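All remarks here apply to the structure that follows.
Labels below follow one simple rule: chain letters A, B, ... track the order of the sequence lines, proteins then strands, and each chain is numbered from 1. These figures come from a predicted structure and were not determined experimentally.
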Protein chains: 2
Amino acid sequence: MAVTDVADPFDMSLAAISKHLTILTRAGLISQEKRGRVKWCKLEPDAMRNASIWMQSFGQFEAVNLDAFEQFLKQELQD
Amino acid sequence: MAVTDVADPFDMSLAAISKHLTILTRAGLISQEKRGRVKWCKLEPDAMRNASIWMQSFGQFEAVNLDAFEQFLKQELQD
DNA sequence: GCAATATTCAACCAAATGGTTGACGATTTA
DNA sequence: TAAATCGTCAACCATTTGGTTGAATATTGC
């Protein structure tokens with residue numbers, strides 16, 4: 001999907017969409033390939049795998065274990 | 001886990017932690033129960049179920065289907 | 001060859017976020 | 001009973017975010 005196609009349904013400037021797509025690319029959620037003057041964007045299927053796995057574990061601990069949660073967050077912040 | 005216990009490992013004010021916990025409560029990610037002067041916090045286990053399910057679906061579409069992704073986002077924004 | 005299209009950039013601005021401090025009220029402890 | 005503790009509130013401030021506009025570059029189409 002081209003950048004202008006992504007932008008089409010939104011009531012905001014192309015420059016703003018371009019900014020968002022840059023962030024999504026940097027986050028690894030989408031990838032972009034330039035062919036001619038058009039940049040083609042596509043989703044990266046595995047991009048949220050780790051986040052999804054982490055979310056599935058959310059709450060698996062006993063409520064008392066916010067310590068474990070905090071440790072996890074610290075570790076994630078270090079990454 | 002009490003609010004002060006949550007705050008303990010972080011190098012920031014209790015007021016800031018309290019703000020964050022208010023947001024997490026409002027988001028349904030944790031719940032809080034006051035007993036005496038202490039507020040006990042616990043994770044809500046199912047809080048991220050919908051997000052996790054959505055993330056698992058991320059990328060399942062053909063790359064051409066950013067349309068479907070957009071429709072999904074619109075729908076989510078309406079919710 | 002020039003106009004149109006696609007896209008980004010820089011500069012700008014308003015709104016939102018994320019923290020602090022000091023004060024305060026409720027509860028507990030000594 | 002007073003001090004200590006727990007937690008929130010309001011006000012404030014700096015930073016970040018999220019958008020715009022106009023200009024610019026690269027590419028395509030007529």
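In this structure, CG of L24(A) is placed 14 Å from P of dT17(D), rounded to the nearest angstrom. Separating the CG atom of D8(B) from the C1' atom of dC6(D) is a distance of 14 Å, rounded to the nearest angstrom. Distance D5(B) CG to dT5(D) P: 14 Å, rounded to the nearest Å.
For the atom pair CG (L29(B)) and SG (C41(B)), the distance works out to 12.5 Å, reported to the nearest 0.5 Å. In this structure, CD on Q32(A) lies 7.5 Å from OG on S18(A), to the nearest 0.5 angstrom. To the nearest 0.5 Å, atoms CG (D5(A)) and CD1 (I17(A)) are separated by 11.5 Å. Atoms CE and NZ, on M12(B) and K19(B) in that order, are 9.5 Å from each other to the nearest 0.5 Å.
Grouping Ile, Leu, Val, Met, Phe, Trp and Tyr residues whose side-chain heavy atoms lie under 4.5 Å apart, directly or via other members, leaves I23(A) alone, with no other cluster members. Residues V38(A) make up the rest of the hydrophobic cluster containing W40(A), defined by ILVMFWY side-chain heavy atoms closer than 4.5 Å, directly or through other members.
Look at K39(B) and you'll find a side-chain N or O under 4.0 angstrom from OP1 or OP2 of dT8(D). Proximity of T4(B) to the phosphate of dT5(D): no side-chain N or O atom is located under 4.0 Å from OP1 or OP2.
The two residues I30(A) and E44(A) come nearest to each other via the heavy atoms C-CG, 3.8 Å. The nearest pair of heavy atoms linking A47(B) to G28(B) is CB-O, 3.3 Å. Closest non-hydrogen pair, A51(B) versus M55(A), comes out as CB-SD, 3.8 Å.
There is no path of hydrophobic side-chain contacts, each under 4.5 Å, that joins I53(A) to M48(B).
Within residues 13-22 of chain B, the residues having any heavy atom closer than 4.0 Å to DNA chain C are, in order of number, S13(B), A15(B), A16(B), K19(B), H20(B).
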Review item, nucleotides 27-30 of chain D N/O atoms under 3.5 Å of protein N/O:
residue: dT27(D); atom: O3'; partner: R37(A); partner atom: N; Å: 3.2
residue: dT27(D); atom: O2; partner: R37(A); partner atom: NH1; Å: 3.1
residue: dT28(D); atom: O4'; partner: R37(A); partner atom: NH1; Å: 3.0

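Scanning for side chain to side chain contact (heavy atoms under 4.5 Å, CB included) contacts around R37(A) gives an empty result, with sequence neighbours left out.
Nucleotides of DNA chain C lying under 4.0 Å from heavy atoms of chain A occupy a range whose first and last members, 5' to 3', are dA4(C) to dA11(C).
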